[in-house]
Asks: 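Take a look at the following structure, please.
Sequence positions, counted from 1, serve as the residue numbers for this chain.
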Amino acid sequence: MKLTVTNPNMKGMGEREKLMRANQEQSKSNVSAARATMYKDKAFTQFQLGNTSLANQYSFKSKSAEKKSYQQSYRASRYSK
C-alpha cells in the first residue's frame, strides 16, 4: 500500500503546540481505526447473509478508513520528533 503523506510544516512551532497537534492527529487516527473495524464487521455480516454488493461497499470503506488511519498516525509521529 503506497501512502502519500505530507509532513507537517513545524518551522517555528513551539513544543506545546507540537504536542497538542500530535494528540489531535492521534485521536483522529483512533477514530479512523474504529471506523475501519466497524465497516469490516458490517462487511463480514453482509457476506454471511449473501449480500455481496453491500459487503463489497463496506469492505471498500473499511480499507479507505484503515488507510486514513495509517496516514494520520504517521502525521502524529512526525509531530513527536
Asks: In Å, rounded to the nearest 0.5 Å, how long is the span from OH of Y58 to OG of S53?
Replies: 11.0 Å

Asks: Please list all pairs meeting salt bridge (Lys or Arg N to Asp or Glu O under 4.0 Å) that have one or both residues in residues 31-56, counting only residues at least two apart or in different chains.
Replies: none

Asks: Any side-chain donor-acceptor pair under 3.5 Å between Q72 and S32?
Replies: yes

Asks: Salt bridge check, K18 against E15: does any charged N sit closer than 4.0 Å to a carboxylate O?
Replies: yes

Asks: If you measure from OG on S29 to CZ on R75, what distance do you get to the nearest 0.5 Å?
Replies: 12.0 Å

Asks: Can you sort out the partners of K28 under salt bridge (charged side-chain N to carboxylate O under 4.0 Å, His left out), two or more places apart, ordered by chain and number?
Replies: E25

Asks: For the pair F47 and T52, evaluate side-chain contact (heavy atoms from CB on, under 4.5 Å) and give the outcome as yes or no after the intermediate values.
Replies: CA-CA 6 Å; F47 272 124; T52 56; 4.2 Å; yes

Asks: Would you give the length of the straight line joining atom OH of Y39 to atom CD of Q57, rounded to the nearest 0.5 angstrom?
Replies: 10.5 Å

Asks: Rounded to the nearest 0.5 Å, how far does CG of N30 lie from OG of S73?
Replies: 9.0 Å

Asks: CD of E17 to CG of L19: how many Å apart, nearest 0.5 Å?
Replies: 11.0 Å

Asks: Write down the atom of S62, the atom of A36, and the distance for their closest heavy-atom approach.
Replies: OG-O, 3.1 Å

Asks: Give a yes or no on whether L54 and M38 share a hydrophobic cluster (residues Ile, Leu, Val, Met, Phe, Trp, Tyr; joining criterion: side-chain heavy atoms under 4.5 Å apart).
Replies: yes

Asks: With rounding to the nearest 0.5 angstrom, report the CD to CD distance, Q48 to Q46.
Replies: 10.5 Å

